[in-house]
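The block underneath contains the structure these notes are about, expressed in structure tokens.
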Amino acid sequence: MNKTLILVVEDDRPVQNLMVTTLKAHNYRYLTAMNGETAILEASSHNPDIILLDLGLPDMDGIEVIQKIRTWSNVPIIIISARSEDMDKVEALDAGADDYLTKPFSVEELLARLRVTERRLMMGQTEQASSSVFVNGKLRVDFSSGCAYFGEEELHLTPIEYKLLCLLSKNVGKVLTHTYLTQNIWGHSWENDVASLRVFMATLRKKIEKNADSVQYIQTHVGVGYRMIKVE
Ligand code: CA
């Protein structure tokens, strides 16, 4: 029996029904809200484990809902947006959302997103963040010595590649936007920074994935950002 409690915030009935039916079929517990105000209320009174949040709500902007919830809670928030709302998606991630689903999505996609998030929850984010060594598959980052390893081999990273790897590692499972990454690396986010980011990401990836036996550690989200995947 799956005990994870999901808050579904969606004003579009058919979409809400699809999500609720899926959750029921997979033994999730769930709550629903049709607007932002109810969503905030439900989130504060029932402490859900995960929130699925539609960005286009009748009473307020989904971004506002995220900002409000983030004032007291770190609950994972997966946003649901239409393809035309690409910018909103990026803004929502920057406001503290963890992941996103683009409409129309399949039941499999929804379940996959929930599994990724549950895995992150099980790992214990706080434990991971305060630990001085990060381990993911064959990848190992020793934050205190500033060294990274793949298997037995030390990775020779440039300072920016290392910083990038640290940001991804400390937020494993979470999609980090271009703005978030460039802000944290260079302190600003200009047009050129995103282009540089792409270059550093490519060189970092080459170093990690050259002997990774085709296991993917870093995922690209076109137009949005990057995510490190928790490897089994
Ligand atoms: Ca909507």
Side-chain angles (χ1 to χ4, degrees), residues 2-121 125 171 173-180 189 219-227:
N2 198 322
K3 293 279 186 223
T4 309
L5 178 63
I6 318 269
L7 171 59
V8 178
V9 187
E10 173 63 78
D11 61 315
D12 185 338
R13 269 287 180 213
V15 181
Q16 190 189 97
N17 287 344
L18 169 75
M19 291 198 277
V20 164
T21 310
T22 307
L23 295 177
K24 254 193 228 164
H26 291 82
N27 295 319
Y28 283 101
R29 293 185 299 140
Y30 64 90
L31 298 159
T32 58
M34 300 283 279
N35 57 51
E37 202 182 326
T38 317
I40 293 166
L41 203 69
E42 293 285 301
S44 64
S45 46
H46 297 282
N47 260 328
D49 298 301
I50 299 172
I51 299 178
L52 290 165
L53 173 69
D54 176 32
L55 283 185
L57 295 169
D59 60 335
M60 66 172 90
D61 199 326
I63 310 275
E64 217 182 312
V65 177
I66 298 169
Q67 287 163 343
K68 292 243 166 73
I69 291 174
R70 278 291 172 261
T71 60
W72 85 85
S73 166
N74 278 324
V75 55
I77 300 175
I78 302 173
I79 53 165
I80 295 157
S81 71
R83 203 165 289 280
S84 58
E85 300 166 331
D86 254 9
M87 281 317 295
D88 301 352
K89 193 156 68 188
V90 172
E91 205 188 321
L93 289 166
D94 280 330
D98 295 77
D99 203 347
Y100 65 87
L101 264 172
T102 307
K103 284 181 197 171
F105 53 84
S106 67
V107 164
E108 287 72 27
E109 273 179 283
L110 172 62
L111 291 170
R113 287 306 201 291
L114 290 174
R115 274 196 301 272
V116 167
T117 308
E118 285 182 288
R119 217 177 296 148
R120 247 185 80 216
L121 284 173
Q125 292 139 292
N171 294 285
K174 187 169 170 169
V175 179
L176 302 179
T177 63
H178 294 140
T179 309
Y180 177 87
S189 184
Q219 235 178 23
T220 302
H221 291 252
V222 178
V224 177
Y226 301 93
R227 167 191 6 228

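We number each residue from 1, following the sequence as shown. We count ligands from 1, going down the list as the structure has it; atoms in each ligand are counted the same way.
Residues satisfying the salt bridge (charged side-chain N to carboxylate O under 4.0 Å, His left out) test with Glu109, not counting sequence neighbours, are none.
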**Study point:** Stepwise salt bridge (Lys or Arg N to Asp or Glu O under 4.0 Å) test for Arg115 and Asp99
**Key:** CA-CA 12 Å; Arg115 274 196 301 272; Asp99 203 347; over 6 Å; no
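For the 3.5 Å distance criterion, the side chains of Tyr100 and His221 qualify, holding a donor opposite an acceptor. Asp88 and Ser81 share no donor-acceptor pair across their side chains, judged by distance under 3.5 Å alone.
At a cut-off of 3.0 Å, measuring from the Ca ion (ligand 1), the protein N, O or S atoms that fall short of it are Asp11 OD1, Asp54 OD2, Gly56 O, waters left aside.
In this structure, Asp98 contributes its side chain and Ile78 its backbone to no donor-acceptor pair below 3.5 Å.
Taking 4.0 Å as the cut-off between side-chain N and carboxylate O, Lys3 and Asp49 do not count as a salt-bridged pair.
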